[in-house]
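What follows is a single structure, written as structure tokens, with notes after it.
Protein chains get the first letters and strands the later ones, always in sequence-line order, with residue 1 at the start of each. What you see is a predicted model, and the numbers here were worked out from it, not measured in a lab.
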Amino acid sequence: MKRERELAKGYTPETLEEKWYSDWLCKDLFDAETDSSKPPFSIVIPPPNVTGSLHMGHAFNNTFQDILCRARRMQGFKVLWLPGTDHAGIATQNVVEKSLAAQGISRHDLGREGFLEKVWDWKKVYGDRIITQMKRLGNSCDWKHERFTLDEGLSRAVRAVFVRLYKKDLIYKGKYIINWCSRCHTALSDLEVEHEERKGHFYYVRYPFLDGTGEVVIATTRPETIIGDVAIAVHPRSEKAALIGKEVRVPLTDRVVPIIEDNVVDPEFGTGCVKITPAHDPNDFLVGLRHDLPQLQVIDADGVMNENSGKYQGLTVEQARVESAKDLEAQGFLIRTEEIEHSVGHCHRCGTTVEPYLSEQWFVRARPLAEVGVQAVRDGRIRWIPEQWDKTYFQWMENIRDWCISRQLWWGHRIPAWYCSDCSHVTVSETDPTECEECGSRDIVQDEDVLDTWFSSALWPFSTMGWPDETPELRTFYPTSLLVTGFDIIFFWVARMIMMGLEFMDEVPFRDVYIHSLIRDESGQKMSKSKGNVIDPLDMIDQYGADALRMTLAALSTQGRDILLSPARIETYRLFMNKLWNAARFALMNLDDEPQIIEVGQLQLQDRWILERSTEMTERVTNLLDEYNIGEAARGLYDFVWGDLCDWYLEMAKTALRGEEGDARKKTVQGVLEEVFRTTLCLLHPFIPFVTEELWMAFGYAEEGSIVRALWPAPKPEHRFGVCGAMRIVQDVVRVLRNLRAEAHLPPQQWLQRAVIRVDDLETGETLRSSLPRIEELARMKGLEVQPLSSPRPSASLSSVVGACEVSLPVGDVLDVASEIKRLEQEIASVEKVVAAGRGRLNNPNFLTRAPEAVVEKERAQVAEGEAQIVRMEENLRSLRQ
RNA sequence: GGGCGGAUAGUUCAGUGGUAGAACACCUGCCUUACACGCAGGGGGUCACAGGUUCGAACCCUGUUUCGCCCACCA
């Protein structure tokens, strides 16, 4: 075995990350092994948009998946982690348009073909950049399966899905009110509209009866649409019902419209009368359909008043609102205005106010798909983690509305529908048709629109694996094991994948959905470029290393709370990398080239303890990862390595490793050291792949291959020695000795010459006696004695009790009697508090009868011990006072 | 209007029924041959509030306060 005996003194991530990543790729270690007989584990990555670069949210999301994939790989699964990117229709088109605008070019200057070329250029650059960034994070994706939503294969899947849904009448085209962004110049789905509370006005406007007998008053926030009014509605069972059938004159026009009844009107709200503008309000649109009212459009696709708006033509909606309000007032129609807060929709890509707009669009009939999707969660075929997210899902799915999927953009999957100029039949086809399927005319034109980007994302779990073909990937890895994502895209993406997966694969797309929290900055703000508080993961990797960043993200991860990240936190975990590195360095300095056998007869308490702790850690981390609790697992490993292994075990192993306990002891301790490090490196590898690989090789395991495919440790029953309690006593005694030393201000470099532990309990006494050299070493002293309580307490000494032991440290002249008395009094007081509380419980008959036997026993023991401690401390106090 | 989550040390957060924990920050000592990127010791909390359940509550239940998020056809 060839070991690296001289590790560098400090941990330097930059020298090893690139080296190992390319090594892993060369050895095809992340390949999915479709044909092996191992059990499958698969995840499809949430494909990042090709709009820019990875942010901290991606880093967290990817780290989470990578930890699970790497662990499963070591546990003997064939793992497919399928990577890729999303074309992100509207977002990408916007950024490319923006970058062209900087050069004074508009997409219309280039034409559809020319513009798309530019977007593909962009995709090449930024898509590649994102992949590079994922690799720097250490993602163990199978890059041979990398996909892009506009790939040929995925586009074929999109077409197949569209056509099949159309044939089943689950996709239809029609003229409806949709959300329109006049800046992006496209329809948006309901989800792409963000509602915000804004200040606005309620305008109270009178509509005089045609017969001159009076008027109705309506309250509106949009006076500019009065010009498009075609009716007034009241509730049929309100006091206003008497007005039904009357006609009113619409202000600002010479139009006369009827007063109609409709249940949608809330008699309690506003004036109880509603103006109906079917072309510019979703509610009014429905009222219009019910009453067969005309749809009078007065606003065009640019958000400008059109030719139907008379004198307002050419004004923007905002301008027209001001102007029409002025006119209403001047003409005596405006009664009053009132300031109100109401929610206003904005385009979630550009922030422009969204207009309800009447136009021909394509829709997915969502309800039938959603019912199946709800069922899949209800009967447990899909599990949400944390569980409460199923409520969110149900709420949306059970109230789902049809999904507007057509977008008036250029970047995306073109809708596979062709219109015949001769018979106006619509041909919907998976392959490009050359003639109308109805009349055979060759004069057909393809729909100009593209599909919502989420349409293709919805197919991601199976389109990426080759559907509609039957492929080995689909056979082996669908349904995927797990989806890891943020709650912000539950509706956009997760719900739709479930619907599409069930529809086309007849099987859920994933078994488990893990919803993780959002990453925020250190003051809890959402990171955004405009706020300038973005922490770039790549910067952090450059500064602290990918392992430190990953460990930080893992350790901070908890369910149900946002994660506040700051560079200082990452610094903490970089120190952990350094600690691990130096611990390994120490081990390697003390190991021989050949591995040593652990001789059970040579094991001392601390050896048994660290082996036991190590096996506990193995079991615990394995279970926590099964539950996706990477936070607990990471924190547990941190504490184990730093606290147990470094602070205690390595310190206690030093004398043996120096050869001061004989050759047999040295060899066994070397064996223990190697065993523990091997296990620890494996358990840590999913979290911090680079440094663990470097150390794995340094320990000389090259011939076993990379740690990436090392065997995941199994708990060892033979290492459950049951010595944690005994070790605890030793640790407590060491701590007390150190504490007494500090109390007496004895300099650490001074080796103490004597101390006495008085104890009657035989087992404790034996434990301490056998560990005396270790305790002396850690407390930096000699002459430690274990004696029965009946033996005299050394004079002029500091003392303290711990468990059944009384520890006394003679300090001679430096004894400060007054302060020692004070300290003892405080110690007595604190023990008395515990004893008093315990006595209280024991005096409670209900406690004795109802609490479990073990708890009562423990309480009794504790009180007894406390009482004994107090007695001894009081004796000490008396002798000090003499 | 409906739903969800949070409130624990100065700060950021773990902790789902049995004596309150970590990291950072702070104080005191130490370059003890793996690590000063470190070691040892220390101070610091009415677990938001009020009830309830329980022998026992940071933890379970109810209500309140407060911060945040999501959904909804608030004309």
Is a side-chain N or O of Asn629(A) found less than 3.5 angstrom from the main chain of Leu624(A), in a donor-acceptor match?
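Checked: no pair found.
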By nearest-nucleotide position on RNA chain B, the 5'-leaning member of Leu191(A) and Glu341(A) is Leu191(A)
Closest to the 5' end of RNA chain B, once Ile340(A) and Trp642(A) are matched to their nearest nucleotides, is Trp642(A)
Measuring only the [atom1] atom in each nucleotide, how far is [N] from [M]? A whole number of Å is fine.
N: rU62(B); M: rC24(B); atom1: C1'; answer: 38 Å
N: rG21(B); M: rG44(B); atom1: C1'; answer: 13 Å
N: rG63(B); M: rA25(B); atom1: C1'; answer: 38 Å
N: rG1(B); M: rG17(B); atom1: C1'; answer: 37 Å
N: rA50(B); M: rC55(B); atom1: P; answer: 23 Å
N: rC59(B); M: rG6(B); atom1: C1'; answer: 15 Å
N: rU32(B); M: rA40(B); atom1: P; answer: 14 Å
N: rG5(B); M: rG10(B); atom1: P; answer: 28 Å

Taking the side chain as C-beta and beyond, is there a heavy-atom pair between [X] and [Y] under 4.5 Å?
X: Arg585(A); Y: Lys9(A); result: yes
X: Arg550(A); Y: Phe687(A); result: no
X: Thr271(A); Y: Tyr204(A); result: yes

Practice item. Carefully, step by step, assess Lys822(A) and Glu820(A) under the rule salt bridge (Lys or Arg N to Asp or Glu O under 4.0 Å). Key: CA-CA 5 Å; Lys822(A) 198 175 157 202; Glu820(A) 176 64 0; over 6 Å; no
**Message:** Distance to the ring centre below 6.0 angstrom and angle to the axis at most 45 degrees; does that hold for Lys654(A) and Phe586(A)?
**Reply:** yes
Dot-bracket for RNA chain B, 5' to 3', Watson-Crick and G-U pairs with both distances under 3.5 Å, [ ] for crossing pairs, | for partner on another strand, reads ((((((((.[[[[.)..(..]]]].(((((.......))))).....[[[[[..)....]]]]])))))))....
Rounded to whole Å, please give me the gap between [atom1] in [X] and [atom2] in [N].
X: Phe491(A); N: rC4(B); atom1: CZ; atom2: P; value: 13 Å
X: Tyr573(A); N: rU12(B); atom1: OH; atom2: P; value: 16 Å
X: Lys240(A); N: rA75(B); atom1: NZ; atom2: C1'; value: 13 Å
X: Tyr207(A); N: rA75(B); atom1: OH; atom2: C1'; value: 11 Å
X: Ile489(A); N: rC71(B); atom1: CD1; atom2: C1'; value: 17 Å

For the side chain of [X], starting at C-beta, report the closest nucleotide among [options].
X: Arg735(A); options: rC35(B), rC69(B), rG41(B); value: rG41(B)
X: Phe487(A); options: rA34(B), rC71(B), rC69(B); value: rC69(B)
X: Lys579(A); options: rA75(B), rG38(B), rG41(B); value: rG38(B)
X: Leu564(A); options: rC13(B), rG41(B), rA34(B); value: rC13(B)
X: Val274(A); options: rC70(B), rA34(B), rA75(B); value: rA75(B)
X: Ala742(A); options: rG2(B), rC74(B), rG41(B); value: rG41(B)
X: Glu197(A); options: rA34(B), rC39(B), rC74(B); value: rC74(B)
X: Gln388(A); options: rA75(B), rA34(B), rC4(B); value: rC4(B)

With heavy atoms under 4.0 Å as the rule, sort [X] into base, sugar-phosphate or nothing.
X: Arg520(A); result: nothing
X: Asp284(A); result: nothing
X: Lys9(A); result: sugar-phosphate
X: Val856(A); result: nothing
X: Ser566(A); result: nothing

Quick check: any donor-acceptor pair below 3.5 Å linking the side-chain of Asn844(A) to the base of rC55(B)?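 No, the side chain and the base share no sub-3.5 Å donor-acceptor pair.
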**Message:** Check this for me: does the side-chain of Glu651(A) come within 3.5 Å of the base of rA40(B) through a donor and an acceptor?
**Reply:**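 Result: no qualifying N/O pair found.
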Could you tell me whether the phosphate oxygens of [N], OP1 or OP2, come under 4.0 Å of any side-chain nitrogen or oxygen in [X]?
X: Thr558(A); N: rA14(B); result: yes
X: Trp396(A); N: rG2(B); result: no
X: Asn739(A); N: rG42(B); result: yes

Protein-proximity profile, nucleotides 16-33 of chain B, B/S/- by nucleotide at the 4.0 Å heavy-atom cutoff, equals --BB---SS----S--B-
With a 6.0 Å cut-off on the ring centroids, do [X] and [Y] count as close?
X: Tyr207(A); Y: Phe333(A); result: no
X: Tyr628(A); Y: His516(A); result: no
X: Phe363(A); Y: Trp403(A); result: no

Inset, instruction - Would you list the pairs meeting side-chain hydrogen bond (donor to acceptor under 3.5 Å, both in side chains) in which at least one residue belongs to residues 390-400 of chain A, sequence neighbours left out? - result: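 Residue pairs with at least one partner in residues 390-400 of chain A: Arg378(A)-Glu398(A).
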The reported gap from CG in Leu591(A) to CZ in Arg3(A) (rounded to nearest 0.5 angstrom) is 4.5 Å
Test side chain to side chain donor-acceptor pair (under 3.5 Å) applied to Thr655(A) and Lys666(A), Arg774(A), Glu776(A), Glu777(A), the passing residue:
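Only one option passes, and that is Arg774(A).
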